Amino acid sequence: MRPRPAWRCSGFAAIPRSHPVIRMSMLRTLKDRFRPILAELVGNEALDKVLDLIRPAQDARFGDYQANMAMALGKQLGRPPREVAAEIVARLQVDDLCEEPAVAGPGFINLRLREGALAARLHAAAEHERLAVPSADHARTYVLDYSAPNVAKPMHVGHIRSTVIGDALCRVLRFLGHRVESDNHLGDWGTQFGMILYGHKHFLDAAAYAENPVAELSRLYRHVRGLADADEAVGKAVLAETARLHAGDEENRRLWQEFMPVCLAEIERMYRRLGVRFDHTLGESFYQDRLPGLVDELTRRGLARQSEGALAVFLEGHESPMLVQKQDGAFLYATTDLATIRYRMETFHPDAVLYVVDHRQSLHFEKLFAVARKLGYADVELTHVSFGTVLGDDGRPFRTREGDIVGLESLLDEAVRRAGDVVAANDEAKPGGPELSPEQRQCVAETVGMGALKYADLAQNRTSDYVFSFDKMLAMNGNTGTYMQYAYARIRSIFRKGNVDAASLVGSGAKILLETPEERALGLQILRLGEAIDQVVADYRPNQLTSYLFDLAGCFTSFYEKHSVLKAESDALLQSRLLLCDLTARTIRQGLALLGIDVVEQM
RNA sequence: GCCCCUGUAGCUCAAUUGGAUAGAGCAUCGGCCUUCUAAGCCGAAUGUUGCAGGUUCGAGUCCUGCCGGGGGUGCCA
C-alpha cells in the first residue's frame, strides 16, 4: 500500500446510531406495496416480471418512480390500460411514502416521494456506514478472472481495461456481501516464453540483462517476435523451445525459474501502484500437471476424438471443434482453461465465474463454456465479461506484436505528471492563495492521475472499443474522475472552512430539509446509490456507477451554486445543508472506492 | 463462406434491457467570480438513432433484408 498522507480524512467509525437502518431500498419497498395487488391481477407466476416494471422515473417531470405494467396488463386482461392503472392506484397503499399517485399517458403510474419519506431515508443513510445500501438478498460465490497479462511481455495500455474493470466488479460484488475469489490467470506458460527462451539463447545482451532483466527480456521478445513473423524456421524453433519447456527440459525450466521472479516483481509493482490486489495468482503453469489427466478423461468419456491428427471436442452449432491437444502432443490454452474451470469448481465451488477478457476471445469462451457444460458443470454461471479493444489514435487495434507499445508504467507516469500540472495550476489559482505543500501536491497528483485513468476506462460502456488517448484519459472536465474528486474536495473544504466535524454532525439530531428543487433533487439522487450498484451487477457494467456519480456531482454543484451552506438563512438550514453535503461526500467517496479510485481532502 | 460485435449531435460517448418530448462532455455562442475551490454554474444551438420493411398501445433497443466499420473462425493466447 502506498503511504497515506496524515491529512486524509480517516473515516466515519464513530457514527452513532439512533435511527434503525432502513434495510430495504426505496424501489424494493415500493414493489412490496404493489405486490399483493398485482398478485391478484396476474397470479404469482408472472408476478416478479410485472414487478420489474416498477422503475425509477426516466424523467423528473413524471415523478421519482413509475410503474409501467398497466399497458401490458390491459392488453392481457382485455381492459383499457388506464382503467387497470386506476384500479391499481385505487388499491395502492403508499400514503406514507408518496404523494397521490397519478395515471398518465397510456397508463403510466407516476409516483412522487413525500419529502418526509425522503428525509427519513436520508437520515438512515447518514447514520449508516454503507449509506443504507442493502446487501444482496442471496450472497453468491464469484470467481473473477481478470488482468491476466502475459508474463514475458511488458504490460501495456491494453492490460488496463481488464485490470480496472475486473477490480471494480470485484469491489462492487464484495460490497454487496458476495464472496469473491479474484484470480490472476497469468500467461506464464505459452509460446511467449518460447520467444524469450529462444532470444535468451541467441541474442542476449548480458550486460543489459544484468542491469535490467525485464527490459532486456522484453527487447528479446520483440526482436524474436519480429524474426518469427518473417521467418518460418524461427517460428518453428520458438515452438520447439516452448515444447522443451513443457516437456521438462532442464535448461529451459531453469531459465523459466530465473525469468519468473523478475517478471512477477515488475507486474506486482504495477498492481501496487494501481491499487489492485488478487486473492490468487494461478497462472497457466499452475495447471500444467493437470492437463494430461483432463485430456484422458475427455477422450474416455467420448467428448474428444482424434481429428486431422489433433484431439478435438466437436460442438453442436460450431463449425470448428475446440482443440485440446495438438498434433505434436502439446496442449493449448483451451486445455488449460478447462483445467482451470475444473480446479476452480473443486476449490471454490462458485456460483459464477466471470472472465474479464477482451471481446476478440468471445468465440473461444463460447466453446469453452459449452465443453465445460459437457463436463458436467451445468449449474454454474460462466460469463465472458467482454470489453472492446483498445485502439490507437489511428483507430487501429493496439497490438503488442506491432511493436508500437505504450508501456503501462510510462503511461501511469504521464498521467500523474499531467495531473500534477493541473493540480499545481488549480492550487495557485485559489482565492485565498495556494494551500498545498509540494508533498501534498505530489500525493494529490498520484491520486488524480490514477483516478483519471481508471475512471476514463470505467465510464465507457465496456462493450465498445476504447480509443486510447492521453488527452481523453486525462481530461479534467466533464464526466471524469477528476471532476468527481474535485466535487468531493469542494465539499470537504466547506467543512474545513466552517470548522465543522462531519461525524459529530450526524448524531446531533439535525434535520434534513428538502424545500428547494435543488435540495430535493440532491437528496433523491443520494438515495439512488443502491440502484446504481444493482445496475452495475445486473450486466457487469461499471459505467452505470460512473453515470450515477456524474449525475450526483451535477446535482451537488447545482445545489452548491444556488444555495450557500455556511451562510444559510437559518441554523436549521445550515444543519440540513451540512448533512446533505456530508452525505454527498460520503456517497462520492464510496462510489469511487467501488471503482478502485481514491479521493483527496484538498486539491 | 460462416459466426459475433458495432453504426446515435461536427467529435467522444450515454440512454435504467420495450416506456412518455433520445441525453451528457468536448467544440460553438451568450451570461455568471468582492461572497463556502470558476477543474464550476445557468442558458442557446445541435438528430430521419446507417437504410428499408416488420412485430405492438409504444422500437435507438426485438425480427427480416440490405449498406458501412471492426473482430473472430481447426493446431497462438
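Chain naming here is simple, since letters A, B, ... match the order of the sequence lines and numbering starts at 1 in each. Source: prediction; values computed, not measured.
Along RNA chain B, the nucleotide nearest to Phe550(A) and the one nearest to Asp465(A) differ in position, and the one closer to the 5' end is contacted by Asp465(A). Along RNA chain B, the nucleotide closest to Met69(A) and the one closest to Gln361(A) are compared, and the more 5′ of them pairs with Met69(A).
Between the side chain of Glu319(A) and the base of G1(B) there is at least one donor-acceptor pair of N/O atoms closer than 3.5 Å. Judged by atom type and distance alone, Tyr486(A) does not reach the base of A39(B) through any side-chain donor-acceptor pair under 3.5 Å. Taking only distance into account, the side chain of Asn110(A) meets the base of A20(B) through a donor-acceptor pair shorter than 3.5 Å. Scanning atom types as modelled, one donor and one acceptor separated by under 3.5 angstrom connect the side chain of Asn426(A) and the base of A39(B). With hydrogens and angles ignored, a donor-acceptor pair under 3.5 angstrom links the side chain of Gln66(A) to the base of A20(B). For Ser307(A) against G74(B), a side-chain-to-base donor-acceptor contact under 3.5 Å is present.
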(message) With side chain to side chain contact (heavy atoms under 4.5 Å, CB included) as the criterion, how do Leu186(A) and Glu284(A) come out once you've worked through the C-alpha distance, each side chain's angles and the decisive distance to 0.1 Å?
(response) CA-CA 6 Å; Leu186(A) 295 175; Glu284(A) 293 169 340; over 6 Å; no
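Looking at His185(A) and Thr336(A), their side chains come closer than 4.5 Å, going by heavy atoms from C-beta outward.
Residue contacts shown for Ala148(A) are absent, as no nucleic acid heavy atom lies under 4.0 Å away. Within the 4.0 angstrom heavy-atom criterion, base atoms lie near Leu323(A).
In this structure, Thr480(A) does not reach the G25(B) phosphate: none of its side-chain N or O atoms is under 4.0 Å from OP1 or OP2. Between U6(B) and Asn461(A), no contact under 4.0 Å exists linking OP1 or OP2 to a side-chain N or O. Note on Gln544(A): a side-chain N or O is less than 4.0 Å away from OP1 or OP2 of A15(B). Ser493(A) has a side-chain polar atom (N or O) that falls below the 4.0 Å cut-off from OP1 or OP2 of U37(B). Note on Lys75(A): a side-chain N or O is less than 4.0 Å away from OP1 or OP2 of C57(B). Distances shorter than 4.0 Å separate none of the side-chain N or O atoms of Tyr483(A) from OP1 or OP2 on U37(B). Residue Ser464(A) has a polar side-chain atom (N or O) positioned under 4.0 Å from OP1 or OP2 of A14(B). At A15(B), one or more side-chain N or O atoms of Arg541(A) fall inside 4.0 Å of OP1 or OP2 (strictly under the cut-off). An OP1 or OP2 oxygen of C41(B) is reached within less than 4.0 angstrom by a side-chain nitrogen or oxygen of Thr557(A). At least one side-chain nitrogen or oxygen of Gln58(A) sits closer than 4.0 Å to the OP1 or OP2 atom of A20(B). Of the side-chain N and O atoms in Lys326(A), one or more sit less than 4.0 angstrom from OP1 or OP2 of C76(B). Neither OP1 nor OP2 of G40(B) sits under 4.0 Å from any side-chain N or O of Arg490(A).
Looking at Arg462(A) and Asp457(A), no side-chain N of the basic residue comes within less than 4.0 Å of a carboxylate O on the acidic one, giving no salt bridge. Salt-bridge annotation for Glu569(A) and Arg577(A): present, with a side-chain N of the basic residue lying under 4.0 Å from a carboxylate O of the acidic one.
For the residue pair Asp598(A)/Thr447(A), the side-chain donor-acceptor check at 3.5 Å is not satisfied. Side-chain contact of Glu519(A) with His563(A): a donor-acceptor pair under 3.5 Å is absent, judged by distance alone.
For C33(B), the base adopts the syn conformation, since its glycosidic angle falls within 90 degrees of zero.
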(request) Any chance you could encode RNA chain B as dot-bracket? Rule is Watson-Crick or G-U wobble with both distances under 3.5 Å; [ ] for pairs crossing earlier ones, | for another strand. (result) (((((((..((((.....[...)))).(((((.......))))).....(((((..]....))))))))))))....
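Side-chain atoms of Gln327(A) lie closest to C75(B) of the nucleotides U16(B), A14(B), C75(B). Listed nucleotides: G71(B), A14(B), U73(B). Nearest to the side chain of Arg360(A): G71(B).
Among Thr242(A), Val151(A), Asn150(A), Leu245(A), the one residue that satisfies the side chain to side chain contact (heavy atoms under 4.5 Å, CB included) test with Trp189(A) is Leu245(A).
No donor-acceptor distance shorter than 3.5 angstrom exists from the side chain of Gln525(A) to the backbone of Cys555(A), with no hydrogens or angles considered.
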